[in-house]
Amino acid sequence: MISYGRQSISLEDIEAVTKVLSSDFLTQGPQVPHFEREVAEYCGAEHACAVNSATSALHIACLSLGLGPGDWLWTTPITFVSSANCALYCGAKVDFVDIDPDTCNLSIERLEEKLVHAKRNGCLPKILVPVHLAGQSCDMRAISELAQQYKFYVIEDAAHAVGGRYLKDPVGSCRFSDIAVFSFHPVKIITTGEGGMALTNNPQLSEKMHLLRSHGITRNPEKMTHVPDGEWYYQQIALGFNYRMTDIQAALGRSQLKRVDEFVARRQQLAARYNRLLEKLPVVLIKQYPDALSSFHLYVIRVNQKSHMSVFSFLREAGIGVNLHYIPVHTQPYYRQRGFHNITFPIAESYYREAVSLPIYPELDEQQQDIVVSALGEALAK
Ligand SMILES: *Cc1c(COP(=O)(O)O)cnc(C)c1O
């Protein structure tokens, strides 16, 4: 079986992990702050907060921006459920902005229309979560202009886009957002097994996220209500969680980070080769914009002359682990039962009916890629 995505683990990665296993700290040691500093530096962001998943990062990012009951968070329907669930964890409400038919990212035109409407009805969002689908950045400059005009915060869900670029800056620089979130799940660009990170240029947000990551407990006397003289002491000053990343994971992340550019270059090379090989087939690709340089976490094709399910099943039977990204979030039963039973986002829904994700990962070789393309040709000709 050729999977749609998989990790690339080197001997050096294994050595980095085993070194931590025989050290003094498996968690709360020096590896996590090192990893945070290295990722922040790579992205050109001021601060980073490592956590146990991107889902946790989204949750504490929302809390640190004060999201709560009565507030709205908007995101795209074409994403993993986490981008929306983070609002529900905070007791806030979720709504969606339909996608752009070319990039399949959240549509700036639909967003602007929806903001005009929401302003009239007094229900503007507190937070927008744009998702860089497949690794291609959204139009962040346009989004940040709207954020200033309509006064909402922006959390980039950059789970797919580690190593990608926008206007030459690394994704994660937060030049046009308040917070950006990465995932280090094994199918993503670099991995820590499970893991995530929130980046920001705002020291207060960083401090809040670090506090919430670890139970809301501080050891900083300046943050405490009182400090007993000369005693060892800590105080819980917020309701936090145990969302910590271990040192074992951070060591793997640090080792993986050394190869991030190599991973992305290989993915871009495979994507370019797919583009050439698919030229004669009746498929539509996600349009790439010159402002963004995709990390190609996913390589999505759209089959508009056939049901994507027939293509999907044919390829799965041929041993090719294609995938579908994503079932629109508002069509999930949990969302259907909570207000979205007769709401449609037509572009997202028609995109979903056509989309198939082909295998792409650094260790996929040309021979395997040829097998994928020839099976796809057969599936489309049937
Ligand atoms: C993978 C993913 C997440 C969740 O990441 P975890 O680290 O598994 O929690 C969130 N958003 C998007 C768009 C993703 O692809």
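Start at 1 and go down the list; that is how both ligands and their atoms are numbered. Values in this document were obtained by computation on a predicted structure and should not be read as measured data.
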Can you check side-chain contact (heavy atoms from CB on, under 4.5 Å) on Arg336 and Thr331, steps first, answer last?
CA-CA 6 Å; Arg336 283 289 194 221; Thr331 68; 3.4 Å; yes
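The residue from Leu63, Leu58, Thr55 that alone fulfils the side-chain contact (heavy atoms from CB on, under 4.5 Å) condition with Tyr89 is Thr55.
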Anything under 3.5 Å between a donor and an acceptor, one on a side chain of residues 373-382, the other on a protein residue two or more places apart or in another chain? List them.
none

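For the salt bridge (Lys or Arg N to Asp or Glu O under 4.0 Å) test, no residue two or more places apart in sequence or in another chain qualifies with Glu46.
At least one side-chain heavy atom of Leu111 sits under 4.5 Å from a side-chain heavy atom of Trp74.
Screening residues 272-287 for side-chain hydrogen bond (donor to acceptor under 3.5 Å, both in side chains), with sequence neighbours left out, gives Arg273-Gln369, Arg273-Asp370, Asn275-Tyr299.
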Enumerate the pairs of nitrogen or oxygen atoms, one from ligand 1 and one from the protein, separated by less than 3.5 angstrom; state names and distance to 0.1 Å.
from: ligand 1; atom 1: 5 (O); to: Ser183; atom 2: OG; distance (Å): 3.4
from: ligand 1; atom 1: 7 (O); to: Ala54; atom 2: N; distance (Å): 2.9
from: ligand 1; atom 1: 7 (O); to: Ser183; atom 2: OG; distance (Å): 2.8
from: ligand 1; atom 1: 9 (O); to: Ala54; atom 2: N; distance (Å): 3.3
from: ligand 1; atom 1: 9 (O); to: Thr55; atom 2: N; distance (Å): 2.9
from: ligand 1; atom 1: 9 (O); to: Thr55; atom 2: OG1; distance (Å): 2.5
from: ligand 1; atom 1: 11 (N); to: Asp157; atom 2: OD1; distance (Å): 3.4
from: ligand 1; atom 1: 11 (N); to: Asp157; atom 2: OD2; distance (Å): 2.7
from: ligand 1; atom 1: 15 (O); to: His160; atom 2: NE2; distance (Å): 2.7
from: ligand 1; atom 1: 15 (O); to: Lys188; atom 2: NZ; distance (Å): 3.0
from: ligand 1; atom 1: 15 (O); to: Tyr326; atom 2: OH; distance (Å): 3.1

